[in-house]
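All remarks here apply to the structure that follows.
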Amino acid sequence: EQALANVVPTAARDEALALLKNDRPAAYAARLDGALNVSRQTEVALDVLGRTAPDSMPALVRAYQARTGRNLADDATACLQGTRGDLALALVNGDQTGAAVARLRHAVEGRFFGLHKDATAALAVLEGQGPEARSGLAAAYEKKYGVALREDVVARFGGREGQRRAQALDGTRDPVERLQLAISGWGADERALAQVLQGMSKAVAAKLQADFKARTGNDLQPTLGAELSGRARFDALLALEGTPATPEEAVDQARRRRDF
């Protein structure tokens, strides 16, 4: 810490010092300050915002205000344009539906007159929604962008890709592919992972791990361990054990949740 303190003040130094003090909001605020106001690295800014859970966002907003004297939402939307700006604003406001809507729109609008649409990103967003959330997502998408979600996100891809997105929108996708998509993109999609993993029996959990290994060649537990951190990693790995089959197992899982 003393060595870092002697370095010329920079966002990177301040981030490192904050991490040494286990002050994640201050660390993320420093990284955002550098990304938004110095290097203009929009992907870095979106990654930080995307990794921040909605219940942790107010602390990040306060830390950014204390560091810069400015409003995070204003700086984010000034630096990020179009759907990136929509995504940043939704994330700062803790609006998960709005964030999903912006991610979908960004995935389908492409660049250079509609080229380079991101089919994988669109599919990952749809996979992260439960049945009720998908219904709300469709309504929010049409309200925000003036076009029906199925028409804009599904039909614009066409062929097999359009069929895959239609299945995702209807909630009929394969769990291994859902996992693969959830750990791609701007950080692992913790909500999409939880949708796949929660409430599995031991038999279902074992089959999922075997299917993941057969499909990808990788073991699921270390894969999730590398992609996730903190509570999200703990919950995911615990879910892979399956729901408790005995009172003793239920007590053991409850104790570990309490002690985490």
Side-chain angles (χ1 to χ4, degrees), residues 42-58 60-61 72-73 76-77 80-111 114 116-157 161-175 177-198 227-228 232 235-236:
T42 58
E43 299 299 321
V44 172
L46 285 173
D47 181 67
V48 173
L49 294 174
R51 289 176 180 274
T52 303
D55 59 356
S56 298
M57 189 61 72
L60 174 57
V61 170
L72 176 55
T77 52
L80 292 94
Q81 306 301 314
T83 50
R84 282 185 169 87
D86 294 343
L87 174 58
L89 184 59
L91 290 171
V92 171
N93 290 334
D95 179 3
Q96 294 299 294
T97 299
V101 164
R103 285 190 172 102
L104 281 172
R105 183 68 175 186
H106 183 72
V108 302
E109 70 178 0
R111 296 174 296 172
H116 305 298
K117 296 187 292 291
D118 192 340
T120 300
L123 193 56
V125 173
L126 293 173
E127 288 292 2
Q129 314 300 313
E132 293 185 6
R134 283 195 296 273
S135 176
L137 183 67
Y141 191 94
E142 186 165 4
K143 181 179 180 180
K144 176 71 175 178
Y145 296 113
V147 61
L149 174 60
R150 190 173 293 272
E151 174 186 344
D152 205 34
V153 177
V154 176
R156 283 175 65 171
F157 284 100
E161 290 299 333
Q163 184 179 23
R164 293 173 73 196
R165 259 133 291 283
Q167 291 172 342
L169 188 56
D170 294 334
T172 58
R173 293 283 294 155
D174 167 85
E177 192 166 3
R178 292 174 67 189
L179 286 175
Q180 290 177 286
L181 289 166
I183 58 178
S184 65
W186 287 322
D189 187 333
E190 296 174 4
R191 187 169 61 169
L193 287 171
Q195 289 282 344
V196 180
L197 300 174
Q198 64 186 0
E227 291 289 341
L228 300 170
D235 287 342

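Put simply, CZ on R103 and CG on L46 are 8.0 Å apart, with the number rounded to the nearest 0.5 Å. D174 contributes atom CG, which lies 8.5 Å from atom CD of Q180 (distance to the nearest 0.5 angstrom). Taking CZ of R150 as the reference point, atom OH of Y141 lies at 13.5 Å (rounded to 0.5 Å). The distance from the CG atom of L149 to the NZ atom of K143 is 16.0 Å, given to the nearest 0.5 Å. Remark: L104 CG to K144 NZ distance equals 13.5 Å, nearest 0.5 Å. Here the straight-line distance linking atom CG of D235 with atom CG of L228 works out to 9.5 Å at 0.5 Å rounding.
By the side-chain contact (heavy atoms from CB on, under 4.5 Å) test, A102 pairs with D86, L87, Y145, sequence neighbours left out. Listed by chain and number, the residues in a side-chain contact (heavy atoms from CB on, under 4.5 Å) with S56 are T52, A53 (sequence neighbours excluded). Among residues two or more places apart in sequence or in another chain, the side-chain contact (heavy atoms from CB on, under 4.5 Å) test is passed with A194 by none. Residues meeting the salt bridge (Lys or Arg N to Asp or Glu O under 4.0 Å) test with E142, sequence neighbours left out: none. For A139, there are no side-chain contact (heavy atoms from CB on, under 4.5 Å) partners, not counting sequence neighbours.
Residues T77 and Q81 come closest through the heavy atom pair O-NE2, 3.8 Å. Nearest heavy atoms, V92 versus A73: CG1-CB, 4.0 Å. Taking all atoms of both residues into account, the shortest heavy-atom contact from H106 to T83 is ND1-OG1, 2.7 Å.
The pair D170-R134 does not meet the salt-bridge criterion, since no charged nitrogen lies less than 4.0 angstrom from a carboxylate oxygen.
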Which atom pairs, one a donor and one an acceptor, fall under 3.5 Å between side chains of residues 93-100 and the rest of the protein, sequence neighbours left out?
residue : atom : partner : partner atom : Å
N93     : ND2  : L89     : O            : 3.2
D95     : OD1  : T97     : N            : 3.3
D95     : OD1  : G98     : N            : 2.8

Side chain to side chain contact (heavy atoms under 4.5 Å, CB included) between L137 and L126, intermediate numbers included: CA-CA 9 Å; L137 183 67; L126 293 173; 4.2 Å; yes

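Between V101 and R105, every side-chain heavy-atom pair lies at or beyond the 4.5 Å cut-off.
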